[in-house]
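The structure appears below as structure tokens.
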Protein chains: 2
Amino acid sequence: MRCKVLDAAEAAFQARGYHATSFGDLMTVAGVSGGALHHHFPTKKALALAVIEERVAAAVEATWIAPVKAAVSAREGVRAVFEAVATELEQQGFVRGCPLNNLAHELSLADPDFRAALAGIFAAWRKAIADKIKADQQEGREQGTDPQHFAALAVAGYSGAMSMAKTAQDPGPLRDCLAALGQA
Amino acid sequence: MRCKVLDAAEAAFQARGYHATSFGDLMTVAGVSGGALHHHFPTKKALALAVIEERVAAAVEATWIAPVKAAVSAREGVRAVFEAVATELEQQGFVRGCPLNNLAHELSLADPDFRAALAGIFAAWRKAIADKIKADQQEGREQGTDPQHFAALAVAGYSGAMSMAKTAQDPGPLRDCLAALGQA
DNA sequence: TTATAAACAGGATGATCACCCTGTTTTTGG
DNA sequence: CCAAAAACAGGGTGATCATCCTGTTTATAA
């Protein structure tokens, strides 16, 4: 039941955002009563915090951190994720954007707890890429690359490209950024 | 009066977002009555559309398009804007994010009219940078650079860096991206 | 001046919102 | 088997929201 609510909230926050999603919507979609909803999540803020910590963080881990760690190099890992996401969006036919970015924009100025939770996910994301660059450097590659700078540009480029892709409803910007990033 | 409302709405949308801003808030801040507000903007959507078309577009023009056009090269223009914004944010002490990105995330999936207006601004922004690269190429520089790819990465890098800066309340990511972009 | 419309004022309205409260059912530990 | 707590139902509540409506003032044009 708690899981069903989180599923519904994750999807609704992604599609319509936090403020545009009401408890009534979630009760309908998840098929739960108001009592049950407020039993598991006493406030809307508690629900959003749970979505961020349990779902958004996991999505970034699965989509970005694990693939980059498993890749043969940082650069190849970043390329592969861009490629995979672009291909998925092209097949899907619409773009809902990055869950982390969507919530970060709407909530990070609204509440310090939201902001801290979201900032932590961004930091972990960048750290995973920077660590991979450092690992590459241990093996003699990427000597001229600053790990922190590269990680920031990879994350920012992806986030920004997803913003544009969402606004244009076209994954093209992801492909453009991937091509430009290849020369960075 | 109409201008005062647009001022208040622009600031409120930037600071709290569209859904979190009520007509009551704007009436208080701008010091206008409900009748006056609804006379100039019959619906909240009409108000947001006016803010996007008259204020957000102008902000992108003033912050990005004009400086890039006036710069000695595309690369130098991009660098100068990153630098100027980072410096301004450092002095300011807080980060509210990019007005275009903030509204794009909240509104582009909510309504086709919003989406079209926002997508147009993104397109003009990218076009200005791509055109500048083409101008550089006319003068023999940037021969190995794809204008569209470079413009996409510049805009995405800035947008994404501003997202991170807003979430972290620290302009550092802008400086990191600028440094990494210098090698692209 | 005067007719006409635009600009403005401010209370009213119905819908919706997050949240609460009183019970009932289900689970669980001793 | 039995208390005690957790899980769940579902109607209720005050606040807030965008919008509307009836007037009044101000600008405009002939």
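Lettering of chains follows the sequences in order, A, B, ..., and the numbering in each one begins at 1. Source: prediction; values computed, not measured.
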If the plane angle is over 60° it's perpendicular, under 30° parallel, otherwise tilted; pick one for A:Phe114 and A:Tyr18.
->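 It falls in the perpendicular class, over 60°.
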What class does the angle between the rings of A:Trp125 and A:Trp64 fall in, given that below 30° is parallel, 30 to 60° is tilted and above 60° is perpendicular?
->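 It falls in the tilted class, 30° to 60°.
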Is it the case that A:Lys166 and A:Asn101 place a side-chain donor and acceptor less than 3.5 Å from each other?
->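 No, no side-chain donor-acceptor contact under 3.5 Å.
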Distance-only side-chain donor-acceptor flag, B:His19 / B:Glu106, under 3.5 Å |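 On atom types as modelled, these side chains qualify, holding a pair under 3.5 Å.
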Hey, which of A:Glu139, A:Gln137, A:Gln143 is the one that makes side-chain hydrogen bond (donor to acceptor under 3.5 Å, both in side chains) with A:Arg141?
->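 Answer to the side-chain hydrogen bond (donor to acceptor under 3.5 Å, both in side chains) test with A:Arg141 among A:Glu139, A:Gln137, A:Gln143: A:Glu139.
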Looking only at atom types and distance, does a side-chain atom of A:Gln14 sit under 3.5 Å from a main-chain N or O of A:Gly97, one as donor and one as acceptor?
->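 Looks like yes, one N/O pair under 3.5 Å.
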Would you mind reading off the bend of the helix from C:dT1-D:dA30 to C:dG30-D:dC1 from its two end axes, five pairs each, to 10 degrees?
->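 Between the axes fitted at each end of the helix from C:dT1-D:dA30 to C:dG30-D:dC1 lies an angle of 20°.
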Can you list, by residue number, the residues of residues 8-18 of chain A that have a non-hydrogen atom closer than 4.0 angstrom to DNA chain D?
->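 Heavy-atom contacts with DNA chain D come from no residue of residues 8-18 of chain A; none.
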Check each residue of residues 20-44 of chain B for a non-hydrogen atom within less than 4.0 Å of any atom in DNA chain D, then write out the ones that pass by number, or none.
->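 Contacting residues: B:Thr21, B:Ser22, B:Phe23, B:His38, B:Thr43, B:Lys44.
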Rounded to whole angstrom units, what separation is found between the CG atom of A:Leu47 and the P atom of C:dC17?
->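 Spelled out: CG on A:Leu47 to P on C:dC17 is 15 Å.
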Using a strict cut-off of less than 4.0 Å between a Lys/Arg side-chain nitrogen and an Asp/Glu carboxylate oxygen, indicate whether A:Arg55 and A:Asp7 qualify as a salt bridge.
->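 Yes, this pair counts.
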Verify the cluster assignment for B:Val78 and B:Phe122: are they in a single hydrophobic cluster under the rule of side-chain heavy atoms below 4.5 Å apart?
->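 Yes, it is one cluster - the side chains of B:Val78 and B:Phe122 are joined through contacts under 4.5 Å.
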Looking only at heavy atoms, which two atoms of B:Gly34 and B:Met27 are closest? And how far apart?
->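 Closest approach of B:Gly34 to B:Met27: N-CE, 3.4 Å.
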Side chains of A:Arg79 and A:Leu178: does their closest heavy-atom pair fall under 4.5 Å?
->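 Yes - at least one pair of side-chain heavy atoms lies under 4.5 Å apart.
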